Visitor: 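Below you will find the structure I want to go over with you.
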Protein chains: 2
Amino acid sequence: MLVPVNQLVYNPRMGDPVPVQGPARRGRRTEILEAAAVLFAQRGFHGVAIDDIGRAIGVSGPALYRHFRGKEAVLAQMLLDISERLRSEGERRVAAAEGPEQALAALIDGHIAFALGRPALITVHDRELGNVPEPERRQIRRLQRRYVEQWVAVLSRLRPEAGEARLRAAVHAALGLLNSTPHSAGGLPGEEMRAMLAAMARAALLAG
Amino acid sequence: MLVPVNQLVYNPRMGDPVPVQGPARRGRRTEILEAAAVLFAQRGFHGVAIDDIGRAIGVSGPALYRHFRGKEAVLAQMLLDISERLRSEGERRVAAAEGPEQALAALIDGHIAFALGRPALITVHDRELGNVPEPERRQIRRLQRRYVEQWVAVLSRLRPEAGEARLRAAVHAALGLLNSTPHSAGGLPGEEMRAMLAAMARAALLAG
DNA sequence: TCGCCTTGTTAGCGAGCGTTAACGAACGGG
DNA sequence: CCCGTTCGTTAACGCTCGCTAACAAGGCGA
């Protein structure tokens, strides 16, 4: 099997170069972010060493510093990506929907797709904000707040009698329900799980 | 103010002994477990040092080894306590209820009381199992499973048409909803929060 | 072809961690 | 009154970690 040279890992101590297994050579930054997400989700930010991340993608530890300013920068970039993606996807979906019922369903479906498709990212997203250094922490919080406010806005059109504080708390609880799926994964086939979570989230939001 | 001598912290480097502030002299083991729970919830198991735990209760780091075999033993004891308490309380409540509707409401209320009353414990309980060493890990898992099965049993009497796998997944999701309250805490007065969470969990479980 | 840029490598530093060792003050029973 | 037990202390060991330094190989434009 022939492999382009830039897919080889250089390591004179390990004998001949070896092809990088993995997702077909996107940028190394992305590769690092994905490997780190899985590790952070499994063991927590402080439980993962720089060398672990490197080993997961077939390079040595300090190679990471060619792409990030440090370990905290990896986490910060990761959470920024997730928050921004949730927010923009949410905006897109709400704009494309006609009426608040459809908008709510679209928000729920989008969040479920993300939670089931990238469980590690969702896990890190709601556990590790406290380890992000201060400048980026604020930005991530802002994005998260904007995302929640989309949900609240949609929901307050469906339940105009409820106060905003209550709706916000209800949205947080519903997101907690959806975000818990990575931990309790398995058991159910994907499509059934998706439908069940959607029904549960919808019922909870309308009952809260 | 007079203080019993055994409430004084001995530390020759810090000048005169100083009264222990804190919950009125229960056992040191309990004191350590409670302080550690708060710290673990805030920063994660690996983000907390032995010295942090000691400092939180007014003693130095290695004092902990008079009461626990090590840092992991603190975590293990903590999760064992929580799991056992959830399980036994659940059993008690289910036994005291008449009919599955009341039993479900009792389980929900009990879990909410625990989540709102001891947010740090709940947080640690569903995040840090992975850091518990192997002998105790299994025991904790067994207790958790028994607790979930109580929920499943009650729910399957209310919805006999649904398969057990589906009910189990629904229960996990509902517990995720309830366990998320520590993160989104505040905003709502306690009683309103309690009632809202109960309504949401009930609706979600009956809709899933 | 030369030389720079990119992206790896290994070696090592300094800090922090969990843990153990050795010791000391207060208390309680003989 | 002493002496063992309990529960603290400080010091230090060994290990791991994040990060930097110094160097190397391949690609590519002038």
Side-chain angles (χ1 to χ4, degrees), chain A residues 3-20 22 25-33 35-36 39-40 43-77 131-133, chain B residues 3-20 22 25-33 35-36 39-40 43-77 131-133:
Chain A
V3 166
V5 177
N6 69 354
Q7 290 192 20
L8 300 182
V9 170
Y10 165 70
N11 190 342
R13 283 283 177 88
M14 295 178 183
D16 286 334
V18 150
V20 170
R25 197 58 191 171
R26 282 149 308 164
R28 263 286 149 83
R29 260 183 87 92
T30 310
E31 220 173 337
I32 290 172
L33 285 168
L39 293 171
F40 289 166
R43 293 184 248 157
F45 179 73
H46 293 291
V48 177
I50 282 295
D51 286 8
D52 297 332
I53 302 174
R55 193 178 309 116
I57 62 170
V59 300
S60 268
L64 184 142
Y65 289 87
R66 297 291 168 202
H67 308 277
F68 292 93
R69 287 214 357 258
K71 195 182 158 194
E72 286 186 333
V74 175
L75 180 66
Q77 183 63 61
N131 293 119
V132 176
Chain B
V3 165
V5 177
N6 69 354
Q7 289 192 22
L8 300 182
V9 170
Y10 165 70
N11 189 342
R13 282 283 178 87
M14 295 179 183
D16 287 333
V18 150
V20 169
R25 197 61 190 168
R26 278 150 312 164
R28 263 285 151 83
R29 259 183 88 91
T30 310
E31 219 174 338
I32 290 173
L33 285 168
L39 293 171
F40 290 166
R43 294 182 249 159
F45 180 72
H46 293 291
V48 176
I50 281 296
D51 286 7
D52 297 332
I53 301 174
R55 193 178 310 117
I57 61 169
V59 300
S60 268
L64 184 142
Y65 289 86
R66 298 289 167 203
H67 307 276
F68 292 94
R69 286 215 355 262
K71 194 182 159 194
E72 287 185 332
V74 175
L75 180 65
Q77 184 64 60
N131 292 119
V132 176

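Reminder, nothing fancy here: chain letters follow the sequence lines and each chain counts from 1. Values below: all heavy atoms of this structure, side chains included; hydrogens, waters and symmetry mates excluded. On a predicted model such as this, the values are computed, not experimentally measured, just so you know.
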Visitor: Over all heavy atoms of both residues, which pair between A/Lys71 and A/Phe45 is shortest? Give the atoms and the distance, please.
Guide: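 Taking A/Lys71 first and A/Phe45 second, the nearest heavy atoms are NZ-O, 3.0 Å.
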Visitor: Report the distance from atom CG of B/Leu39 to atom C1' of C/dG18, rounded to the nearest whole Å.
Guide: 16 Å
Visitor: How long is the line joining CD1 of B/Ile57 and C1' of D/dC7, in whole Å?
Guide: 11 Å
Visitor: Is the shortest heavy-atom distance from the side chain of B/Arg28 to the side chain of B/Arg66 under 4.5 Å?
Guide: no
Visitor: Might you point out which heavy atoms bring B/Asn131 and B/Glu72 nearest each other, and give the distance in Å?
Guide: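 Minimum heavy-atom separation between B/Asn131 and B/Glu72: O-OE2, 3.9 Å.
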Visitor: Between A/Arg43 (side chain) and A/Val48 (backbone), is there a donor-acceptor pair under 3.5 Å?
Guide: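 Not a single qualifying donor-acceptor pair exists.
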Visitor: Where the side chain of B/Ser60 is concerned, which of D/dT10, D/dC7, C/dT9 is the nearest nucleotide?
Guide: D/dT10
Visitor: For a quick check, with a 4.0 angstrom heavy-atom cut-off, what is the B/S/- contact string for nucleotides 16-22 of chain D, read 5' to 3'?
Guide: -SSBB-B
Visitor: Between C/dG8 atom C1' and A/Arg29 atom CZ, what is the distance in whole Å?
Guide: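 Distance, rounded to whole Å: 17 Å.
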Visitor: Measure across A/Gly61 and A/Asp51 and return the closest heavy-atom pair with its distance rounded to 0.1 Å.
Guide: CA-OD1, 3.3 Å
Visitor: At their closest point, which heavy atom of A/Ile50 faces which heavy atom of A/Pro62, and how far apart are they?
Guide: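 The answer is CG2-N, 4.3 Å.
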